[in-house]
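This report refers to the structure that appears directly beneath it.
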Amino acid sequence: DTAVSQTPKYLVTQMGNDKSIKCEQNLGHDTMYWYKQDSKKFLKIMFSYNNKELIINETVPNRFSPKSPDKAHLNLHINSLELGDSAVYFCASSQGGTAGNTIYFGEGSWLTVV
Amino acid sequence: AQTVTQSQPEMSVQEAETVTLSCTYDTSESDYYLFWYKQPPSRQMILVIRQEAYKQQNATENRFSVNFQKAAKSFSLKISDSQLGDAAMYFCAYRRSWETSGSRLTFGEGTQLTVNP
């Protein structure tokens, strides 16, 4: 069983569209994240949730809206997609309590905006 | 703000030989964690090794070991007996100790490792 699963894995869409990426973890973790990896492969955090509460909200356009219906799910909705949104988006999870706990990543969702 | 720097965009090594990937970081904190992640072409992010800053002993995981120099803020990764499957992008990452819930990983730019047969 995949620990952190995201769908879709690949997504090609036109500018201006709205799209969502779903993420689920079956590890029983209480903390989930979204990271963005740009074309130069630089990884940066976008959001994190702990027990469905938003903890980290980096400088991300308002067009990006995360939603956590429960501890095991963290979805990412993107409105009015732009060319610059093309990237690989990684969902991740960890158990809170200590920063040494491993952060487990999903396989990434490769978004291409044309 | 914490920053992580990997000064080697690309490295190559012959199969069965040893290679060292460099990482430096900047922080004003005394307690933190450091990690090396591997990203093969599949894009999966895989934890290779972790180091707690309060531990003086360098972490090891089979063929992977680190050289942690806290005063110099240096955290290099040594891969011994390199294998073809080690070819990947390697990311160094930093995480605060006190920001436990939802604490972020700050990544370096990555080092692309090629293993030559």
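Below, chains carry the letters A, B, ... as their sequence lines are ordered, and counting in each starts from 1. Scope of the values below: all heavy atoms of this structure, side chains included, with no hydrogens, waters or symmetry mates.
Atom CG of N62(A) sits in a sparse spot, with 12 or fewer heavy atoms from other residues, nucleotides or ligands closer than 6.0 Å. Atom NZ of K78(B) has 12 or fewer heavy atoms from other residues, nucleotides or ligands within 6.0 Å. When the shell of 6.0 Å around CD of E53(A) is examined, it contains 12 or fewer heavy atoms from other residues, nucleotides or ligands. Heavy atoms of other residues, nucleotides or ligands lying less than 6.0 angstrom from NZ of K73(B) number more than 12.
A chain of hydrophobic side-chain contacts below 4.5 Å, direct or via other Ile, Leu, Val, Met, Phe, Trp or Tyr residues, connects V13(B) to F64(B). If you chain together hydrophobic residues whose side chains sit under 4.5 Å apart, I79(B) and I46(B) never meet in one group. L11(A) and V114(A) fall into different hydrophobic clusters, defined by Ile, Leu, Val, Met, Phe, Trp and Tyr side-chain heavy atoms under 4.5 Å apart, directly or through other members. L21(B) is connected to V48(B) through a chain of hydrophobic side-chain contacts under 4.5 Å among Ile, Leu, Val, Met, Phe, Trp and Tyr, so both are in one cluster. There is a path of hydrophobic side-chain contacts, each under 4.5 Å, that joins F35(B) to M45(B).
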- Full working for side chain to side chain contact (heavy atoms under 4.5 Å, CB included) between S109(A) and R43(B): CA-CA 10 Å; S109(A) 294; R43(B) 290 275 188 167; over 6 Å; no
- Query: Between Y37(B) and I103(A), does a side chain to side chain contact (heavy atoms under 4.5 Å, CB included) hold up when you go through it step by step?
  - Reply: CA-CA 10 Å; Y37(B) 276 85; I103(A) 295 181; 3.7 Å; yes
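Atoms CD and CE, from Q37(A) and M89(B) in turn, are 7.5 Å apart once rounded to the nearest 0.5 Å. Going from atom OH of Y33(B) over to atom OG1 of T102(A) covers 10.5 Å, rounded to the nearest 0.5 Å. Here CG of L47(B) is found 9.5 Å from CZ of F105(A). Values are rounded to the nearest 0.5 Å.
For F47(A), no part lies near chain B; criterion is any non-hydrogen pair under 4.5 Å. Looking at L105(B), both its backbone and its side chain come within 4.5 Å of chain A, counting heavy atoms on both sides. The contact between Q39(B) and chain A is made entirely by side chain atoms (from C-beta outward), counting heavy-atom distances below 4.5 Å. Using a 4.5 Å cut-off between heavy atoms, F90(A) touches chain B through its side chain atoms alone. Y32(B) does not touch chain A: none of its heavy atoms, backbone or side chain, sits under 4.5 Å away.
Closest heavy-atom contact between F42(A) and E109(B): CD1-CA, 4.3 Å. Across R95(B) and S94(A), no two heavy atoms sit closer than the pair NH2-OG, 3.7 Å. Residues F107(B) and L43(A) share a closest heavy-atom pair of CD1-CB, 3.6 Å.
Under the 4.5 Å side-chain criterion, counting only non-hydrogen atoms from C-beta, T106(B) is not in contact with K44(A).
Of the listed residues (W110(A), Y35(A), Y104(A)), the one with the most heavy-atom contacts under 4.5 Å to chain B is Y35(A). Counting heavy-atom pairs closer than 4.5 Å to chain B, the top-ranked of the candidates G108(A), G106(A), S93(A) is G106(A).
Salt bridge status for E58(A) with R104(B): present, with a side-chain N to carboxylate O gap under 4.0 Å.
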